[in-house]
Amino acid sequence: MDILFYLFSGLMLICAALVVANRNPVTSAMLLILVFFFMAGLFVLLEAFFLAVIQVLVYAGAVMVLFLFVMMLLDIRPSQMHGRNAAAVLAGLSLGFAFLVEFWLILRRSTLPAESPIKLDAGIHPIGRLLFSQYLLPFEIT
């Protein structure tokens with residue numbers, strides 16, 4: 001099971017990186033379909049079979065067919081695609097730097113809080129109360 005998890009996760013990350021790095025929009029859309037299939041494989045490993053089927057049917061089936069239809073309907077030619085501009089490169093570098101800082105902060109914080117604000121065996125009602133009272137703003141932003 002662990003090998004399948006690492007296989008699906010690794011292939012999903014590689015395909016997702018290729019979606020962003022690829023210059024051909026149709027190829028990027030096809031790689032995104034592979035990302036959806038690998039994600040469905042992760043759902044199967046979690047024994048969430050309904051989510052896996054919905055992932056394939058809704059996202060890989062319906063949404064990506066619409067994306068491909070629109071991209072092929074627009075018929076974007078390579079001569080119409082312009083090179084990268086400085087603002088896009090700056091935005092990409094700043095987002096990458098922010099991601100690395102967040103990743104470093106997550107890794108630096110190695111211990112969990114000593115005491116949880118809710119009891120784990122209390123059910124879902126205390127979680128709902130906390131979400132809609134103390135943590136309402138972060139919940140709404142999310």
Side-chain angles (χ1 to χ4, degrees), residues 1-122 124 126-142:
M1 289 298 257
D2 289 344
I3 291 243
L4 286 176
F5 171 76
Y6 289 119
L7 178 74
F8 287 148
S9 299
L11 289 173
M12 187 172 67
L13 289 174
I14 289 170
C15 288
L18 288 174
V19 166
V20 176
N22 202 337
R23 296 187 59 85
N24 187 350
V26 176
T27 307
S28 291
M30 298 304 283
L31 286 167
L32 192 58
I33 290 174
L34 283 177
V35 170
F36 291 148
F37 274 108
F38 292 134
M39 191 179 302
L42 289 176
F43 284 138
V44 168
L45 291 178
L46 289 171
E47 296 179 1
F49 303 112
F50 177 75
L51 287 178
V53 169
I54 292 301
Q55 183 76 25
V56 171
L57 287 178
V58 172
Y59 289 111
V63 173
M64 286 311 299
V65 167
L66 288 174
F67 282 175
L68 285 172
F69 179 72
V70 167
M71 280 188 272
M72 290 180 182
L73 187 67
L74 291 176
D75 193 29
I76 299 173
R77 302 210 187 281
S79 62
Q80 295 172 340
M81 297 170 57
H82 301 292
R84 296 185 182 115
N85 57 9
V89 171
L90 182 65
L93 289 175
S94 62
L95 286 174
F97 179 72
F99 172 76
L100 289 175
V101 168
E102 285 290 326
F103 190 67
W104 178 75
L105 289 173
I106 289 170
L107 289 179
R108 196 181 77 176
R109 192 175 135 194
S110 62
T111 59
L112 294 174
E115 187 175 324
S116 177
I118 58 170
K119 294 180 183 176
L120 294 178
D121 59 352
I124 195 136
I127 296 172
R129 258 188 250 112
L130 276 175
L131 274 179
F132 289 111
S133 62
Q134 185 177 353
Y135 298 106
L136 180 64
L137 183 62
F139 177 71
E140 290 294 327
I141 289 173
T142 303

inquiry  = Among residues at least two apart in sequence or on other chains, which ones pass side-chain contact (heavy atoms from CB on, under 4.5 Å) with L131?
reply    = I127, F139

task = Return the minimal non-hydrogen interatomic distance between A40 and A52, and the atom names on each side.
result = O-CB, 3.4 Å

Show me the donor-acceptor pairs, under 3.5 Å and distance only, between side chains in residues 2-12 and residues at least two apart or in other chains.
from	atom 1	to	atom 2	distance (Å)
S9	OG	F5	O	2.8

Output side-chain donor-acceptor pairs under 3.5 Å for residues 87-98, partner residues at least two apart or in another chain, one line each.
from	atom 1	to	atom 2	distance (Å)
S94	OG	L90	O	3.1
S94	OG	A91	O	2.9

remark   = Here the ring-ring contact (aromatic ring centres under 6.0 Å, His included) pairs for residues 42-71, sequence neighbours left out, are F36-Y59

query = Does L57 have any side-chain contact (heavy atoms from CB on, under 4.5 Å) partners at least two apart in sequence or in another chain, and if so, which?
reply = V53

Can I get a per-line list of side-chain donor-acceptor pairs under 3.5 Å for residues 26-35, giving both atom names and the distance, sequence neighbours left out?
from	atom 1	to	atom 2	distance (Å)
T27	OG1	N24	ND2	3.2
S28	OG	V19	O	3.1
S28	OG	N24	O	3.2

Side chain to side chain donor-acceptor pair (under 3.5 Å): pairs with one or both residues in residues 36-58, sequence neighbours excluded = none

